[in-house]
Amino acid sequence: MKQEPTGFKSSLRLIDATMLVAGSMIGSGIFIVSADITRNVGSSGWLMVVWLITGFMTLTAALSYGELSAMYPKAGGQYVYLKEAYNPLISFLYGWSFFTVIQTATIAAVGVAFAKFTAYLLPQLSEDHIAIDLGFLHVSPAQLLAIVVIIILTYVNSRGVNAGKSIQTVFTMAKLLSLFGLIVFGLFFLQKDIWQSNWKDAWELKPLAGSSAVGSYTTMAAFGAIAAAMVGSIFSSDSWHNVTFVAGEIRNPKRNVGLSLALGTVMVTILYILTNIMYTGVLSLSDMAHADKDRVAVSASQVIFGSSGTVIIALMIMVSTFGCNNGLIMAGARVYYSMAKDGLFFKKVGALNRNAVPAFGLWIQCLVASLWCLSGRYGDLLDMISFVVVMFYMLTIGGIFILRKKRPDIERPYKAFGYPILPLIYIIMGLAFCVLLILYKPRFTWPGLIITLIGIPVYFVIGKFKNNKHEN
């Protein structure tokens with residue numbers, strides 16, 4: 001009888017890890033969320049400020065995680081860092097939130113985005129049609145397609161890390177080149193009158209028609225508008241840390257995890273800023289804010305490429321979201337694996353299959369993500385995820401300060417860039433973002449927080465079950 005592997009295989013090179021960072025970040029957000037950002041801030045200057053703030057926060061967090069990844073280069077990433085810095089309860093709450101909201105809902109949101117743009121080429125798959133009517137639940141062809149794609153990618157990744165990394169590297173290279181191509185063509189066809197109009201009053205912060213606010217902002221409302229606008233940019237820049245979850249499968253992880261974080265986030269941040277500069281050169285602010293179903297990239301592509309623009313951008317986003325979901329699915333199961341090894345998740349999740357991957361964890365992730373696909377709107381998931389994600393980023397970066405005091409003896413091949421100033425700035429900015437989001441967008445921030453807090457009684461129930469089991 002063939003023995004199952006007991007450890008992960010170190011199969012991922014620096015290029016693979018970097019493509020996982022970049023590929024997990026670039027999904028559908030950059031093609032969509034600038035519409036909502038524009039509605040909230042109402043000017044080109046503030047649109048860029050929102051992306052610059054998000055880019056600064058992302059880079060600061062990634063460089064800070066580099067220290068933690070070098071200290072603990074093993075599967076589980078952020079879950080492990082929180083456990084070492086704080087305690088098992090805090091790390092469990094992250095793992096619980098990750099499983100119930102952060103990773104699974106992100107997979108669902110990206111999957112639904114893939115289906116929405118596929119419908120441009122195959123209208124019968126539109127979200128406007130009903131494929132299954134259960135009375136209390138209407139399921140569209142787009143939702144069904146999203147689920148099918150998630151199942152296919154889960155199966156591929158259950159066949160081993162090499163299968164998943166091949167898809168990741170190829171699709172990420174393709175979308176980096178296509179996004180760069182869109183930027184180049186957009187800047188080449190930049191319309192001078194639109195550019196000048198968009199940048200004439202670049203620093204006037206005001207809501208555009210279609211946003212939740214009217215008139216001019218008060219000072220506090222202005223901060224709230226910026227926080228609300230950042231929900232989209234943070235979602236679009238998220239999942240860069242997925243590479244830390246597969247640290248146990250990366251060659252020379254003490255060096256390559258941190259380096260891939262830096263390379264991947266810098267690359268994507270630059271592309272995002274250039275993409276938004278391109279948008280302001282081909283579309284008026286009104287056209288950006290009122291793009292059909294927020295598909296800003298489609299509107300821009302139609303200006304640049306004419307009637308074929310819709311097909312070009314649809315294919316780009318299909319490639320982008322497919323590759324993004326592959327990275328999310330590949331990385332996510334490693335967190336549940338680490339939780340299971342600590343006795344905080346189903347025991348079977350802590351076992352590797354003959355291909356040296358946590359297959360059971362992959363399939364239960366697939367199940368929950370599929371349920372999220374049926375749950376509803378893209379924006380609802382986006383708002384809920386951004387709040388919870390930033391909350392745990394702050395805690396993790398705060399863990400660097402704790403571990404410097406608590407474990408000064410551990411080797412640190414790399415130390416957080418700009419410590420303690422930059423990590424502290426991130427924590428302050430993240431705290432401001434979360435507070436403002438609770439005040440100005442409570443409808444979708446509270447559910448995420450409540451789901452996280454539900455993990456507290458779940459943790460103690462699991463602990464009680466473990467103790468009873470040991471006593472018996």
Side-chain angles (χ1 to χ4, degrees), residues 10-30 54-70 72-81 98 102-103 106-107 110 157 161 164-177 179-180 233-273 275 319-335 389 392-393 396-397 414 416-417 426:
S10 298
S11 304
L12 302 176
R13 302 161 297 167
L14 175 60
I15 182 66
D16 300 317
T18 303
M19 290 301 101
L20 179 57
V21 174
S24 297
M25 289 176 72
I26 306 173
S28 58
I30 186 59
T54 302
F56 172 79
M57 290 179 69
T58 302
L59 290 172
T60 300
L63 292 172
S64 297
Y65 272 50
E67 175 171 328
L68 297 168
S69 68
Y72 303 105
K74 51 188 177 182
Q78 191 168 351
Y79 169 82
V80 174
Y81 311 154
F98 187 83
I102 298 172
Q103 195 78 346
T106 301
I107 290 169
V110 174
N157 279 281
V161 71
K165 85 170 184 183
S166 298
I167 289 178
Q168 191 64 31
T169 301
V170 170
F171 274 77
T172 301
M173 286 288 193
K175 64 182 167 183
L176 287 172
L177 289 173
L179 187 56
F180 181 72
S233 57
I234 284 177
F235 178 81
S236 302
S237 303
D238 191 31
S239 299
W240 49 267
H241 64 307
N242 273 256
V243 72
T244 67
F245 305 145
V246 297
E249 293 153 279
I250 295 175
R251 299 173 189 172
N252 191 9
K254 289 187 177 183
R255 170 185 178 269
N256 287 342
V257 175
L259 189 54
S260 66
L261 282 168
L263 292 173
T265 52
V266 167
M267 189 189 314
V268 173
T269 298
I270 292 171
L271 280 175
Y272 280 2
I273 291 170
T275 299
V319 169
S320 181
T321 49
F322 191 85
C324 178
N325 247 356
N326 180 73
L328 296 173
I329 289 167
M330 176 198 295
R334 276 63 178 176
V335 175
V389 162
F392 280 110
Y393 283 162
T396 306
I397 291 173
Y414 167 83
F417 179 77
Y426 181 94

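- A side-chain donor-acceptor contact under 3.5 Å links Ser260 to the backbone of Val257.
- Using modelled atom types, no side-chain atom of Ser24 and backbone atom of Cys324 make a donor-acceptor pair closer than 3.5 Å.
- When all heavy atoms of Val21 and Gly264 are compared, the closest pair comes out as CG1-CA, 3.7 Å.
- No side-chain donor-acceptor contact under 3.5 Å links Tyr393 to the backbone of Thr58.
- A 6.0 Å sphere centred on CE of Met267 holds more than 12 heavy atoms belonging to other residues, nucleotides or ligands.
- Taking CG of Leu263 as the start and CG of Leu14 as the end, the distance is 6.0 Å to the nearest 0.5 Å.
- Annotation: side chain of Gln78 is not in contact with side chain of Val335 (no heavy-atom distance under 4.5 Å).
- Partners of Thr269 by side-chain contact (heavy atoms from CB on, under 4.5 Å), not counting sequence neighbours, listed by chain and number: Leu59, Ile273.
- Rounding to the nearest 0.5 Å gives a distance of 7.0 Å between OG of Ser64 and OH of Tyr414.
- With values rounded to the nearest 0.5 angstrom, Gln103 atom CD is found 6.0 Å from Phe245 atom CZ.
- Smallest separation of non-hydrogen atoms from Ile107 and Asn325: O-ND2, 3.1 Å.
- Between Gly66 and Leu261, the shortest heavy-atom distance links the atoms N-CD1, 4.2 Å.
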Derivation and outcome, salt bridge (Lys or Arg N to Asp or Glu O under 4.0 Å), residues Glu249 and Lys165: CA-CA 11 Å; Glu249 293 153 279; Lys165 85 170 184 183; over 6 Å; no

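- Using a distance-only test at 3.5 Å, with no hydrogens or angles considered, a donor-acceptor pair links the side chain of Gln168 to the main chain of Gly327.
- Distance alone, capped at 3.5 Å, is enough to place a donor-acceptor pair between the Tyr272 side chain and the Ser236 backbone.
- Checked by atom type and distance alone, the side chain of Thr172 pairs as donor or acceptor with a backbone atom of Met19 at under 3.5 Å.
- Aromatic rings of Tyr79 and Phe98 (six-membered ring for Trp) have centroids beyond the 6.0 Å cut-off, not under it.
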Going through the checks in order, is the side-chain contact (heavy atoms from CB on, under 4.5 Å) test met by Leu328 and Thr106? CA-CA 8 Å; Leu328 296 173; Thr106 301; 3.7 Å; yes

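- Note that CG of Leu20 is 9.0 Å distant from OG1 of Thr18, once rounded to the nearest 0.5 Å.
- At least one donor-acceptor pair closer than 3.5 Å links the side chain of Arg334 to the backbone N or O of Met330.
- Looking at every heavy atom in both residues, Val319 comes nearest to Ala174 through CG1-CB, 4.0 Å.
- Inter-residue side-chain proximity for Met173 and Ile15 is flagged as met; some heavy-atom pair is nearer than 4.5 Å.
- The backbone N or O of Ile26 sits less than 3.5 Å from a side-chain atom of Lys175, completing a donor-acceptor pair.
- Taking CG from Asn326 and CD1 from Ile167, the interatomic distance works out to 5.0 Å, rounded to the nearest 0.5 Å.
- In this structure, Tyr81 and Tyr72 have tilted ring planes: the angle between them lies in the 30° to 60° band.
- The two residues Gly27 and Thr321 have their closest heavy-atom pair at C-CG2, 3.8 Å.
- Phe56 CZ: more than 12 foreign heavy atoms inside a 6.0 Å radius.
- To the nearest 0.5 Å, atom CD1 of residue Ile250 and atom CG of residue Asp16 are 9.0 Å apart.
- The nearest pair of heavy atoms linking Ala262 to Leu63 is CB-CD2, 4.0 Å.
- Relative orientation of the Trp240 and Tyr65 rings is perpendicular, given thresholds of 30° and 60° on the angle between their planes.
- With hydrogens and angles disregarded, no donor-acceptor distance shorter than 3.5 Å links the side chain of Asn256 to the backbone of Arg13.
- Thr60 is linked by a side chain to side chain donor-acceptor pair (under 3.5 Å) to nothing, counting only residues two or more places apart in sequence or in another chain.
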